[in-house]
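All remarks here apply to the structure that follows.
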Protein chains: 2
Amino acid sequence: MDERDTQLRECAERLALTLAQSGMQRTTARVMTALLFSRQQTMTAADLCKELHISSGAVSGAVNQLIPTGMIERAPAPGSRRDHYRFREHAWATLMGNQNALLDSMWNAAAEGLKVAGRDSAVGRRLDEMQDFYGFMQREMAALIDKWREQYEAGER
Amino acid sequence: MDERDTQLRECAERLALTLAQSGMQRTTARVMTALLFSRQQTMTAADLCKELHISSGAVSGAVNQLIPTGMIERAPAPGSRRDHYRFREHAWATLMGNQNALLDSMWNAAAEGLKVAGRDSAVGRRLDEMQDFYGFMQREMAALIDKWREQYEAGER
DNA sequence: TCGAACGTTCAGAGATCTGTAAATGCTCTG
DNA sequence: CAGAGCATTTACAGATCTCTGAACGTTCGA
C-alpha cells in the first residue's frame, strides 16, 4: 500500500462527504467512492470492510442500494465464491438519468395543483411556470445525456 | 378556508415529502411548498406557523435556509412590521442553476484523483470518464437553463 | 450429508438531526 | 425613550437514522 493509495483514499472520502451532504446515505457514498477510486478493478465485500472500517452488514446494505441504481455491479469472478463489485461504466450518466424520475414527480405535483386551482390566479401562475420548467427539463435532459454518450463513445476510438 | 385550500395543502405536503426524500430538510421543504401552493400572494411567519403547526423558531430556520438559495424572498409589505415571504419568480431555474456547484465539485474530485493516479490505469480511466461527463454537464446545463428562460419569457407575451 | 465460507437480516445501541420553548435582540410607535 | 411586537438564537429533549454484532440462510465442495 503505497503513498498513492492513501491519497486516493482521501479523495474518495472527500467526495463521499460532499455526496452525503447532498442527500446520499453516508455509507452508501463511501462504498461508491471507494470503488470509484480503487486502483483495483474490483473489490470484495471483505475489502470494503477493511478499507472503510465498517461491518459486513453495512457493506451489504450499501451495495444493495447502489446496484439497483446502476452505479455499481457484481463482477463475474470465476473460481471465487466471494462477490466482487465494481464501479459501472457510464454510471454517472445513469445516475443523472435517474433524476428524471424526480423531474417527473415535480411536473406531476404542479399538474395536481393546477387541477385544483386553475391557471388564473396567483397559485395558478406559479404552478404553470413550474410545470413548464420541469416539462422542458425532462425532455432536454434525456437528450443531453444521449448526446454525451455519443460524443464520448466517438472520442474513445 | 374552502375545500380547495385543503386540497392544495395536501398537494403541498406530498411534494414536500418527496423533496425531503431527495435530501432537502423536512421543514424547509414544507415551508417552501406551503408558499408555492398558497393562494395568497405572500405569507407571514405567523401564517406558516399556523398552517404547518410548527414553532416560530422552526420557521425562522427554514426561511433562512431558503432565502440564500433564491427559492423564496422577503416581500416588501408597506405598513406591516411582520416579514412577508413569497415564492420567487423563476425559483426552479435558480435551484437547478445552483446544482452547478455540485457538478463543479464532481469535476474537481475527478481532477484530484487524476493528479495522483494519472490516466493510464483502471482508476485513471474511470476518473477520466467522470471528468468528461461532469465537464460536459456543467457547460450544457447552464446553456439549457438560459434557453428555458428565453423561451418562457417569449411565451409570456 | 456435513461443514466451511460467505452474504443477509434484524434487534438494539449509539449517533445524529430537528423542532421546541424560552431567552434575547431588534425596530418601530406612541 | 419605554415598551409592544416580531424575528432570531440557544440549550435541550425527542425523534430518527444508521451501524453493529450475532443469528440465520445459502451455496459449494468433499
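Below, all heavy atoms of this structure are taken into account, side chains as well, without hydrogens, waters or symmetry copies. Computed from a predicted structure; not experimentally measured. The sequence lines fix the lettering, A, B, ..., with proteins before strands; numbering per chain opens at 1.
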With a 3.5 Å cut-off and sequence neighbours excluded, list the donor-acceptor pairs that the side chains of residues 63-76 of chain A form with protein atoms.
| residue | atom | partner | partner atom | Å |
| --- | --- | --- | --- | --- |
| A:N64 | ND2 | A:S60 | O | 2.9 |
| A:Q65 | OE1 | A:Q25 | NE2 | 3.3 |
| A:Q65 | OE1 | A:T28 | OG1 | 3.2 |
| A:T69 | OG1 | A:L66 | O | 2.7 |
| A:T69 | OG1 | A:M71 | N | 3.4 |
| A:E73 | OE2 | A:R86 | NH1 | 2.6 |
| A:R74 | NH1 | A:D83 | OD2 | 2.7 |
| A:R74 | NH1 | A:Y85 | OH | 3.1 |

Whole-Å distance separating the [atom1] atom of [X] from the [atom2] atom of [N]:
X     : N      : atom1 : atom2 : value
A:R30 : D:dT18 : CZ    : C1'   : 12 Å
B:R82 : D:dT8  : CZ    : P     : 14 Å
A:N64 : C:dT9  : CG    : P     : 7 Å
B:M43 : D:dA7  : CE    : P     : 13 Å
B:R26 : D:dT16 : CZ    : C1'   : 11 Å
B:L48 : C:dT20 : CG    : C1'   : 17 Å
B:I67 : D:dA7  : CD1   : P     : 12 Å
A:H84 : C:dA5  : NE2   : C1'   : 13 Å

Nearest to the side chain of [X] - [options]?
X     : options               : value
B:R74 : C:dC17, D:dT8, D:dT20 : D:dT8
B:S60 : C:dT8, D:dG21, D:dT8  : D:dT8
B:D83 : D:dA7, D:dG21, C:dT20 : D:dA7
B:Y85 : C:dT20, C:dT8, D:dT8  : D:dT8

Can you find a heavy atom in the side chain of [X] that is under 4.5 Å from one in the side chain of [Y]?
X      : Y     : result
B:F133 : A:M96 : yes
A:M32  : A:M24 : yes
A:M137 : B:W92 : no

### Task
Pick base, sugar-phosphate or nothing for B:A45, based on heavy-atom distances below 4.0 Å to the nucleic acid.
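Here B:A45 touches the backbone only, sparing every base.
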#### Entry: Lys/Arg N to Asp/Glu carboxylate O, B:K147 vs B:E150, below 4.0 Å
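Salt bridge flag = no for B:E150 with B:K147.
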### Task
Kindly say if A:Q25 contacts the phosphate of D:dT18, meaning a side-chain N or O under 4.0 Å from OP1 or OP2.
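Yes, because at least one side-chain N or O of A:Q25 sits under 4.0 Å from OP1 or OP2 of D:dT18.
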